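Encoded as structure tokens, the structure appears first; notes follow it.
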Amino acid sequence: MKNDDDKVSAVPPQVPSEAKREIMLHGIPASPGIAIGVALAVGDGDRVSLEPESHPITESEVPNEINRFTAALEKTRLQIMDLQKRVQSSLQASEASIFDAHLLIVDDKVLTQEVVSEIRKRLQSANVVFCEIIRRYIAAISGVDDQYLKERASDVADVAYRILENLNGQERQLLDHLPGQRIVISRDLTPSDTALLDRENVQAFATETGSRTSHTAILARSMKIPAVVGLNGICGQIHNGDMLIIDGFLGAVILNPRQETLELYAQKEAFKEQLYNELQRESSLIPETIDGYRIQLAANIDNVNNLDDILSSGAAGIGLFRTEYLFMANKIPTEEEQFEVYRKIASAMNGQATIIRTLDLGGDKLSSLLNISHDPNPFLGLRSIRLCLAYPELLIPQLRAILRASAFGNIKMMFPMVTCEDELDKLLEILESVRKELRAEKKKFDEEMEIGIMIETPAAALFADHLAKKADFFSIGTNDLVQYTMAVDRGNEKVANLYRPAHPVIVMLIHRIVQAAEKAGIWVSVCGEMASDPRFIPLLVGLGVQELSMSPVSLGMARRVIRRLKMYEAESLAEKALKCTEHAQILDMSDELLHRIAPDVVSLAMKGG
Ligand code: PEP
Ligand code: MG
């Protein structure tokens, strides 16, 4: 429940005369919107180490150590029960049951007794003894060749971190339960931290790390939380209780705003809100250019909570369902659980297409499942279809669930991060055997379901001619295509200036992909963040992309840009861009066109590229 005392009004009454100096900090706009409120500075989320240094104790300190340990267990139990309650009300009920397993670990008498007797015997601190024992448990469980038990190992580790934090007296910032309306300031937020954010009370967030295409930013847009990322050094500058303005349109954070600034922002917020609402009201207008070319506008989603919003946003379907968020709650969803989710979407979309992407776990979408977080270079590691091919127990239930759901609506499926043709062949082979299995079981599915592939690696882009023969459509994942082509980590703010969607090489690759698709007679969508950046919409349309799929918040802007565009202008822009040698030239031309056709949208747009 929200506490009224905790609410921060849009314009706080009066800034005290001894107000601190106003400071404007610039970062990367990650999710649109303006928030005015009070900071909650959270720790950097670094995990405590399960290998503490030796800490001998004396006989007389033993009772105290045992008390500390049992108190830490009790505190952990209360925290987990609290978390369980809150997740139950904000996510699906089934997710909350994960915490039952966590409580069983806290209540494990054998573990408790072993720690207590070892503290006595070895005269080491509770931290050291507990860590040694729990590490042995984790190693034993994860060494077993059984998927179910492996999952338990990550649960044990998760609980172990909590117990150790409590032993250390460290406060874990529970972002899923804030003390009231707050703007969260953190060095980093992982996608799973973000997924668990207390939606009612987080007004906005700002982080030191991250970029517009990091999954944390993508999630913020989908949750409609204004966010600014890539703000170097903010954790040292902003403290709990500081007054802040977060401008998610501009990518700015204003610390200790003056009264005039607060008033200005209240007006700005009203103006942007007005324009945003106007764009929402245009949701029934057809997204076609002035000269009559229709572009499909679709929505990117990562959960099934707001399907009504998607329908009312005027999206022609779902262009990307990121299924990995179903896997982030420390538990692998069963085929039945997945089937229910996919079926729900298929039915709710009333015949409009839904593209379900198979699991793209890895990269910055880390999960404690399968211990994949230990990959030294996760974006180049066991991510996505590589992970699924290595663990068929992840892939096959998902394929079965998607196929079965296809009997209930217009479902298409796509494979992410295709790099090598033989990987795709293997996936298609597995898919075929799953189809056979379902036929034998007399389970219904759409035999004609379209199978697409994401083109998001330079290898796939350069090989698009061949891949096009094996796919029903292409969906260009520009977030990764730019990352892998430019060799720039999409989530690393230190190299954000080199993350260039408008680089001539990217334009060339998109052109090549579209040409390959045209030759093979298949359609092309862009589902990366480039599709939602109004500056790049004319360019993508001019290059021949037929569908743009984006976070629902961006659909209104995209529709307006398309409706103010003439196809020949877009094509001429693309033609010129293909001859450019510098990304700045392409950006300038794209900016110039956008300013000319949709100056109002410019004020709402975020600057990427
Ligand atoms: C992309 O890479 O552009 C994409 C849409 O996939 P994700 O952002 O989930 O990696
Ligand atoms: Mg991707």
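Everything numeric in this text was worked out from a predicted model, so none of it was measured.
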Would you sort out whether Asn300 and Ser549 count as a side-chain hydrogen bond (donor to acceptor under 3.5 Å, both in side chains), showing the intermediate values?
CA-CA 6 Å; Asn300 291 354; Ser549 189; 2.6 Å; yes
Taking it one step at a time, do Glu336 and Arg400 satisfy side chain to side chain contact (heavy atoms under 4.5 Å, CB included)?
CA-CA 9 Å; Glu336 279 317 302; Arg400 286 177 57 94; over 6 Å; no
Looking only at atom types and distance, does a side-chain atom of Asp291 sit under 3.5 Å from a main-chain N or O of Lys566, one as donor and one as acceptor?
no
So, the side chain of Glu547 versus the backbone of Gln296: is there a donor-acceptor pair under 3.5 Å, distance only?
no
In the structure I gave you, are the side-chain heavy atoms of Ile476 and Met454 within less than 4.5 Å of one another anywhere?
no
So does Glu337 get a backbone contact from the side chain of Glu340, meaning a donor-acceptor N/O pair under 3.5 Å?
no
Between Lys426 and Glu429, is there a side-chain N and carboxylate O pair less than 4.0 Å apart?
yes
Side-chain heavy atoms of Val541 within contact of Gln546, under 4.5 Å
no
Can you spot which of Val514, Val526, Ile453 makes a side-chain contact (heavy atoms from CB on, under 4.5 Å) with Phe474?
Ile453
Specify whether His583 and His503 have parallel, tilted or perpendicular ring planes, treating 30° as the upper limit for parallel and 60° as the lower limit for perpendicular.
parallel
Measuring only between side-chain heavy atoms, which start at C-beta, is Leu231 closer than 4.5 Å to Thr207?
no
Name the orientation class of the two ring planes belonging to Tyr484 and Phe379 (parallel below 30°, tilted from 30 to 60°, perpendicular beyond 60°).
perpendicular
Main chain of Asn479, side chain of Tyr499: is a donor-acceptor contact present, judged purely on distance under 3.5 Å?
yes
Using a 3.5 Å distance criterion without hydrogens, assess whether the side chain of Thr457 forms a donor-acceptor pair with backbone atoms of Val418.
yes
Is any side-chain N of the basic residue among Arg435 and Glu447 closer than 4.0 Å to the acidic one's carboxylate O?
no
Check the side chains of Asp588 and Gln585 for a donor-acceptor pair under 3.5 angstrom, ignoring hydrogens and angles.
no
Shortest non-hydrogen contact between Ala598 and Arg564, atoms and distance:
CA-NH1, 3.5 Å
Would you call Glu278-Arg281 a salt bridge at under 4.0 Å N-O?
no
With distance as the sole test, does Ser347 use its side chain to make a donor-acceptor pair with the main-chain N or O of Arg343 at under 3.5 Å?
yes
Is any NZ, NE, NH1 or NH2 atom of the basic residue among Arg187 and Glu208 found under 4.0 Å from an Asp or Glu carboxylate oxygen of the other?
no
Smallest heavy-atom separation, Ile513 atom then Ala464 atom, equals CA-CB, 4.2 Å
Going by an N to O cut-off under 4.0 Å, is there a salt bridge joining Arg404 and Glu335?
yes
Apply salt bridge (Lys or Arg N to Asp or Glu O under 4.0 Å) to residues Lys470 and Glu421 and explain how you reach the verdict.
CA-CA 9 Å; Lys470 299 184 175 179; Glu421 203 176 356; 2.9 Å; yes
Roughly how far apart are Ile318 CD1 and Ile345 CD1, rounded to 0.5 Å?
5.0 Å
Does the side chain of Asp533 reach to within under 4.5 Å of the side chain of Met550, using non-hydrogen atoms?
no
Please step through side chain to side chain contact (heavy atoms under 4.5 Å, CB included) for the pair Val229 and Thr209, ending with a clear verdict.
CA-CA 6 Å; Val229 298; Thr209 62; over 6 Å; no
Would you find a donor on one side and an acceptor on the other, under 3.5 Å apart, between the side chain of Asp489 and the backbone of Val495?
no
Non-hydrogen side-chain atoms of Phe321 and Tyr342 separated by less than 4.5 Å:
yes
Sidechain N-carboxylate O distance under 4.0 Å for Glu450, Lys412:
yes
Has the side chain of Glu324 got a donor or acceptor atom that lies under 3.5 Å from a matching backbone atom of Leu361?
no
How close do Ala401 and Phe339 get, heavy atom to heavy atom, and via which atoms?
CB-N, 3.6 Å
N/O donor-acceptor pair under 3.5 Å between Thr478 side chain and Leu481 backbone:
no
Lys443 bridged to Glu437 by N-O distance under 4.0 Å:
no
Any pair with a residue in residues 504-519 that passes salt bridge (Lys or Arg N to Asp or Glu O under 4.0 Å), sequence neighbours left out, goes on the list, sorted by first then second residue, please.
Asp465-Lys519
Short question: side chain of Gln398, backbone of Thr358 - any donor-acceptor pair under 3.5 Å?
no
Is it true that the side chains of Asp360 and Ser384 contain a donor and an acceptor less than 3.5 Å apart?
yes
What heavy-atom pair brings Gly248 and Val228 nearest, and what distance separates the two atoms?
CA-CG2, 4.1 Å
State whether Glu282 and Arg560 are salt-bridged, where the test is any N-O pair (Lys NZ or Arg NE/NH1/NH2 against Asp/Glu carboxylate O) under 4.0 Å.
yes
Residues Pro416 and Arg357: closest non-hydrogen pair is CB-CD, 3.6 Å
Nearest heavy-atom approach of Pro501 to Val482 is CA-CG2, 3.8 Å
